[in-house]
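Before any comments, here is the structure.
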Amino acid sequence: MTETNFIHRKIGRITWTAYQKHLTREPIIFLPVGALEQHGPHLPMGCDAIFSEEVSLRVAEALNGLVLPPLTYGYKSQARSGGGQLFPGTTSLDGQTLTSMVQDILREVARHGVKRVAVINGHVENQWFLTEGIDLALREAKSNGNQMQIVRCEYWNFTPQDVLESLFEGAFPGVDLEHAALIETSMMLALYPSFVDLDNLPVDAYGQFPNYDSYPQNGHGVPASGVLAPASQSSAEKGNLLINSTVNAMVSALQNEFLIS
Ligand SMILES: [Zn+2]
């Protein structure tokens, strides 16, 4: 990945003195969270962290915010949303570890005096562990007299319904089954086309799951490719539409939530 976009938004690329100067205007601080998880034979395993960081950078650009280095590991993959833990390469954290990492980072930004944080999630399975880290950090901040407001966003929830309908022509399989499928493949084609191995795009198939999870995980119903819904209709054009509409909706939502005029 050549690092050219939005470097000035990345906290890991600026000095502490520049960061301190930014803090005087009380910027929204973004924490992108992803996973290291199989994304089919055609997409890199770091997809979820790449997307959450790229969305964060664009929203931060619009709102004059700053973006923390992404968490590039996440909670354990589940069969019905990521194919499960049985694929080589999928490398996951215990829930407690993820919760603690989020709590630790939020404790530190609270110490810096940050008042507004947006946790941008790119991996379905992370949601409640992020929530727990946020809750514990806020409890701590409150007892230390720090005021902090935190918003947790699953970026896919911001994609407008009419965009999904136009891209899927009425056949949107739902976010969970969209793992490594049309949405993620299109977004990667738009962002980093060289990361997509189009020669290895799997034959279109859907995960066939019961309405329960079975443990230990057995891989039943997971297509051998690890891709849970059709990806063959992906394109960079669709990816740009997805990214732009999602970013715009998140900008409005955060403006509204954080009362930026
Ligand atoms: Zn993903």
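Just follow the structure's listing: the first ligand is 1, and inside any ligand the first atom is 1.
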Do the ring centers of His220 and Phe209 come within less than 6.0 Å of each other?
no

Could you pull out the atom name of the N/O/S atom in His39 that is nearest the Zn ion (ligand 1)?
NE2

Which single N/O/S atom of Asp48 lies at minimum distance from the Zn ion (ligand 1)?
OD1

Verify the distance test for His123 against the Zn ion (ligand 1): any N/O/S atom under 2.8 Å, yes or no.
no

Does the shortest distance from the Zn ion (ligand 1) to an N/O/S atom of Glu37 fall below 2.8 Å?
no

Given the options Val117, Val102, Ile29, Val114, Ile150 meets side-chain contact (heavy atoms from CB on, under 4.5 Å) only with Val117

May I ask you to check whether His39 and Asp48 show a side-chain donor-acceptor distance below 3.5 Å?
yes

Is it true that Glu61 and Arg9 have a side-chain N and a carboxylate O under 4.0 angstrom from each other?
yes

Would Tyr192 and Glu54 count as a side chain to side chain donor-acceptor pair (under 3.5 Å) here? Give the steps.
CA-CA 11 Å; Tyr192 299 104; Glu54 293 290 337; 2.5 Å; yes

Of all N, O or S atoms in Glu184, which has the smallest distance to the Zn ion (ligand 1)?
OE2

